[in-house]
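Residue numbers count from 1 along this sequence. These values consider heavy atoms only, across backbone and side chains, with no hydrogens, waters or symmetry-generated copies.
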Amino acid sequence: MPGTDPTGKIGWSRRPREAAFLLYARVAGYGFRRHSAYRAAALAGAFTNTVFGVLRAYVLIALWQARPGLGGYDVTDAVTFCFLTQAFIGPMQFLGDGLQLSERVQSGDIAIDLLRPASLQLWNLADDLGRAAYLLLLRSLPPTLAGAALFGLIVPASPATWCLFAVSFTLGVVVSFGWRYLVALSACWIVDDRGTQTLSMVLTTFFSGMTLPLNLLPGLLGDVARSLPWAAMAQVPADVYLGEHDALSALAFQAAWAAALLALGALATRAARRKVVVQGG
């Protein structure tokens, strides 16, 4: 009988799903603990993000004083956007991939990963969510608090806005992971992935809104930039926080890109099982 075990108890068919959930929850916890071992590096990153956040803020203040209302933001919106995107650097992993997947390909350990009775993609996603949660606490909060103390940032008054922002932020991390996973998995087919990693960092930094808000990009370039997956990593969560974007359409945009990138990652993982190039063997 569906949904029962031989003793007549209900719900045994859900146990594999529960076991999988517990497994990936433990992997996420492991990712959190593993990255907490590098506390000094996270604090150094927070200090660097704060310093560059202050420098960016003064540049944006000068720009908005010369052009009030630029991109639909006022000067407080622009400064808040600046420190939000600085806070996103660690959790969204704009600099580097943060997955160690390409290193495992080069060492040959990827063969062990592919033989595990667990999804390689979901395993890495769970680990990455643990990493993002840790860096959110230790690397994102300091620059945000410093920006609030120095410049006075916008703070949403509505709990609904905070909830929507939390969902948008989480989706941004998933989209970021989906992209970084594809880039890292490319090491299964190429000997040296440093070129693809560098290209990925350049594209992510510019098209996510880290360099400048995408609202400032003119015409077709701006339209294209706002439709690409990188926009879901920084521009969209920041706009949800600022109330500059319809929240439901923003979340739908992020969810669509997250689903698309994860689907591509699943296909790439399946292909990697058939052909893997490992450096040295």
Side-chain angles (χ1 to χ4, degrees), residues 24-58 79-104 107 109 122-151 153 155 162 165-181 183-184 193-194 197-198 200-206 208-211 230 232-238 240-241:
Y24 295 125
R26 288 188 177 185
V27 173
Y30 166 75
F32 186 98
R33 293 193 302 272
R34 180 164 60 88
H35 284 85
S36 67
Y38 305 100
R39 193 171 304 168
L43 290 174
F47 176 77
T48 303
N49 291 348
T50 301
V51 171
F52 278 95
V54 171
L55 295 176
R56 285 182 65 203
Y58 279 118
V79 173
T80 302
F81 182 94
C82 166
F83 281 97
L84 282 175
T85 52
Q86 288 297 122
F88 293 160
I89 290 176
M92 304 293 181
Q93 197 65 44
F94 289 148
L95 307 176
D97 66 4
L99 297 177
Q100 298 183 333
L101 188 59
S102 59
E103 289 88 347
R104 294 186 69 80
S107 67
D109 292 335
L122 292 180
W123 184 286
N124 279 274
L125 174 59
D127 180 76
D128 197 60
L129 289 174
R131 175 203 60 79
Y134 175 74
L135 292 181
L136 173 66
L137 296 176
L138 208 64
R139 187 167 173 176
S140 297
L141 289 180
T144 306
L145 294 175
L150 293 173
F151 299 96
L153 307 183
V155 179
W162 282 107
F165 171 67
V167 175
S168 181
F169 175 84
T170 304
L171 286 172
V173 173
V174 175
V175 172
S176 172
F177 164 80
W179 170 255
R180 289 181 285 114
Y181 182 81
V183 173
D193 69 329
R194 286 178 294 181
Q197 293 287 357
T198 301
S200 171
M201 185 177 66
V202 172
L203 292 173
T204 302
T205 303
F206 182 78
S208 67
M210 266 298 305
T211 306
W230 299 289
M233 303 177 194
Q235 181 72 47
V236 173
V240 170
Y241 179 92

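Counting all heavy atoms, side chain and backbone alike, Arg180 lies closest to Asp128 at NH2-OD2, 2.6 Å. Here the closest non-hydrogen pair linking Gly31 and His35 is O-ND1, 2.9 Å. Ala42 approaches Leu138 most closely through the heavy-atom pair CB-CD2, 3.7 Å. When every heavy atom of Val173 is checked against every heavy atom of Ala132, the shortest pair comes out as CG1-CB, 3.9 Å. Of all non-hydrogen atoms in Thr50 and Ala46, the two that sit nearest each other are OG1-O, 2.8 Å.
A donor-acceptor pair under 3.5 Å links the side-chain atoms of Ser208 to the main chain of Thr204, judged by distance alone. Although no hydrogens or angles enter the test, the distance criterion places no donor-acceptor pair under 3.5 Å between the side chain of Ser168 and the main chain of Phe165.
Note: Phe47 and Phe52 fail the aromatic proximity criterion, with ring centroids not under 6.0 Å apart. For Trp162 and Tyr241, the ring centers are positioned less than 6.0 Å apart.
With contacts defined as side-chain heavy-atom distances shorter than 4.5 Å, the pair Met210/Gln235 does not qualify. Side-chain contact between Phe169 and Met233 is absent, with no heavy atoms from C-beta onward closer than 4.5 Å. Residues Phe94 and Trp230 have side chains not in contact (no heavy-atom distance under 4.5 Å, counting atoms from C-beta outward).
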Can you give each donor-acceptor pair under 3.5 Å made by side-chain atoms of residues 79-91, sequence neighbours left out, with the distance rounded to 0.1 Å?
{"unit_1": "Thr80", "atom_1": "OG1", "unit_2": "Thr76", "atom_2": "O", "d": "2.8"}
{"unit_1": "Thr80", "atom_1": "OG1", "unit_2": "Ile154", "atom_2": "N", "d": "3.0"}
{"unit_1": "Thr85", "atom_1": "OG1", "unit_2": "Arg56", "atom_2": "NH1", "d": "3.1"}
{"unit_1": "Thr85", "atom_1": "OG1", "unit_2": "Phe81", "atom_2": "O", "d": "3.0"}
{"unit_1": "Thr85", "atom_1": "OG1", "unit_2": "Cys82", "atom_2": "O", "d": "2.8"}
{"unit_1": "Gln86", "atom_1": "OE1", "unit_2": "Arg56", "atom_2": "NH1", "d": "2.8"}
{"unit_1": "Gln86", "atom_1": "NE2", "unit_2": "Asn49", "atom_2": "O", "d": "2.9"}

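Atoms OH and CG, from Tyr134 and Leu136 in turn, are 12.0 Å apart once rounded to the nearest 0.5 Å. In this structure, the separation between CG on Leu129 and OH on Tyr24 is 12.5 Å, given to the nearest 0.5 Å.
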